[in-house]
Asks: 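Before I ask anything, here is the structure I am working with.
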Amino acid sequence: MAFTGKRILLGVTGGIAAYKAAEVARRLIGAGARVKVVMTRAAQEFVGPLTFAALTGEKVATAMFGPDRDPLEHVALGQEVDAIVVAPATANLIGKVAGGIGDDLLTTIMLAATRPVLICPAMNAEMWANPVVQGNLARLQGRGLRVMEPAAGPLACGAVGLGRLPEPDLIVEAVAGLLSPQDLAGRKILVTAGPTHEDFDPVRFLTNRSSGKQGYALARVAWRRGADVTLVSGPTSLPAPYGVKCVMVRSARDMGTEVKALFPEMDALLMAAAVSDYRPIQAEVRKIKRAHEEMAFHLTQNPDILKQVAPLKSQQIVVGFAAETHDLETEARRKMREKQLDLIVANDVNRPDSGFQVDTNEVTLIPRAGDPLPLPLLSKEEVAVKILDQVVALLKTRDGVLVKNA
Ligand code: C5P
């Protein structure tokens, strides 16, 4: 969604990771972007321009001069696109951009660029550790360019260390950050997601159908919009969202402990987790054996995390979720009152295409003050955008009140 209708310039420089840039191009296009590739001469030693032309459906720009070159491309390209990503970026490219050198098409485009830039370095570990390279990267960051940390692992030179190009999905996520409004910059946001596991014994537990998708989408989109995001997640099979601090928990009580510890320093809490309301009175230390025809378990209520957090609230915005099968709005409003929420996201989980496990959701956003906002069926990422729009507005109102009372 962040990419719909967006045009990205992908700069490819001459490192072995240039082959991974083809996958970056493919994923950007898969996400809805149009991609224009610019390759340095050395990059073409590793991958042919034809590969990128076939993937992007656009002519690849490879040189400043030549009979069929647009004479103003070196200025126009870096100003027309929505964002620029250089992946992989060699130490040479980084040094040239830091020093203001424009001796080929890509470096000249970078000199004239007015759009947000992401540099994805990939190189040998010693090169990465070289103070000259680090100094150049610091200069780029000082000028507002974003730099993605390389990943650790086996390198093409045989060594193991820092210097690998991050996985294409992570690069795409970092580009999504470049394209998003930074209206949550400086805000600390705590998101909970997923189900909880309440143990009967070492191998069995009580849980629910939550996949964690809505909470992870919230964490992802909040990071893109500039927030400092912490995600407290129950067990899920989802990858950790890029840039987000993740705290993995199992039970409702563990989740409660983490949330209460983190809450005081937050600007907002979005409690998307489907916390189990009950747990077995006792978790058996040994596996329960099959014995009788019938079996009964005694459950006890888990603490309500949102209710526990309410007395700790100072200026935080707190958002709760209500997944209901009946009387949606009445139930949601009751929870909003009981849990002292600023906003509640109500969803009817009877529909097969909304709620648990699926990628879409149909919700109504109910603020404490103001009219409910029913939303159509949207992707969970689009729902996250709408929820965070409300959080941005609530935070602004809160800031206004804090200034007035100061
Ligand atoms: O009462 P109910 O479980 O339906 O409330 C849902 C909301 O309360 C969700 O935001 C959920 O994360 C939160 N909750 C909680 N602690 C619980 C149960 C639910 O904070 N023990």
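Every number for a ligand or one of its atoms is a count from 1 in the order of the listing.
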Asks: Is a donor from one side chain sitting under 3.5 angstrom from an acceptor on the other, for S233 and Y216?
Replies: yes
Asks: Locate the shortest heavy-atom distance separating T90 from M123; write the atom from each residue and the value.
Replies: C-CE, 4.0 Å
Asks: Would V275 count as a polar contact of ligand 1, with the cut-off being nitrogen or oxygen pairs under 3.5 Å?
Replies: no
Asks: On a heavy-atom basis, which atom in M148 and which in C120 lie closest, and how many Å separate them?
Replies: SD-SG, 4.0 Å
Asks: Among all protein non-hydrogen atoms, which one is nearest to atom 10 (O) of ligand 1, and what is the separation to 0.1 Å?
Replies: M271 O, 2.7 Å
Asks: How far apart are the closest heavy atoms of S276 and L206, and which atoms are they?
Replies: OG-CD2, 4.1 Å
Asks: What do you reckon, does A274 have a nitrogen or oxygen under 3.5 Å from a nitrogen or oxygen of ligand 1?
Replies: no
Asks: Looking only at distances, please establish whether an N/O atom of ligand 1 is found under 3.5 Å from an N/O atom of S276.
Replies: no
Asks: To the nearest 0.1 Å, how far is atom 8 (O) of ligand 1 from its closest protein heavy atom, and which atom is that?
Replies: K339 NZ, 2.9 Å
Asks: Could you establish whether A322 and ligand 1 come within less than 4.0 Å of each other, counting only heavy atoms on the residue side?
Replies: no
Asks: With no hydrogens and no angle check, just 3.5 Å: does a side-chain donor-acceptor pair link S180 and Q182?
Replies: no
Asks: Dump the intermediate steps for salt bridge (Lys or Arg N to Asp or Glu O under 4.0 Å) on R115 and E80, then the final yes or no.
Replies: CA-CA 8 Å; R115 313 305 298 166; E80 284 171 3; over 6 Å; no
Asks: Please list, chain by chain and in numerical order, all residues satisfying side-chain hydrogen bond (donor to acceptor under 3.5 Å, both in side chains) with Q308, sequence neighbours excluded.
Replies: K260
Asks: How far is atom 16 (N) of ligand 1 from its nearest protein heavy atom, and which residue and atom name does that atom have?
Replies: I305 N, 2.9 Å
Asks: Please determine if A272 has a nitrogen or oxygen closer than 3.5 Å to a nitrogen or oxygen of ligand 1.
Replies: no
Asks: Please find the pair of heavy atoms, one from W223 and one from A174, that lie closest to each other, and give the distance.
Replies: CH2-CA, 3.9 Å
Asks: Of the non-hydrogen atoms in L373 and Q390, which two are nearest, and what is the gap between them?
Replies: CD2-NE2, 3.6 Å
Asks: When you compare ligand 1 with K335, is there at least one nitrogen or oxygen pair between them that comes in under 3.5 angstrom?
Replies: yes
Asks: Identify the protein heavy atom lying closest to atom 6 (C) of ligand 1, giving its residue, its atom name and the separation to 0.1 Å.
Replies: F321 O, 2.9 Å
Asks: With no hydrogens and no angle check, do the side chains of D254 and T257 hold a donor and an acceptor under 3.5 Å apart?
Replies: no
Asks: Indicate, as side chain, backbone, both or neither, the part of D277 found under 4.0 angstrom from ligand 1 when only non-hydrogen atoms are considered.
Replies: side chain
Asks: Nearest to atom 13 (C) of ligand 1 by heavy atom, L306, V318, V309: which?
Replies: L306
Asks: Identify the closest protein heavy atom to atom 11 (C) of ligand 1: which residue and atom is it, and at what distance?
Replies: A273 O, 3.4 Å
Asks: Show me which atoms of ligand 1 lie under 4.0 Å from any heavy atom of G320.
Replies: 10 (O)
Asks: Heavy-atom contacts under 4.0 Å between P303 and ligand 1: side chain, backbone, both, or neither?
Replies: backbone
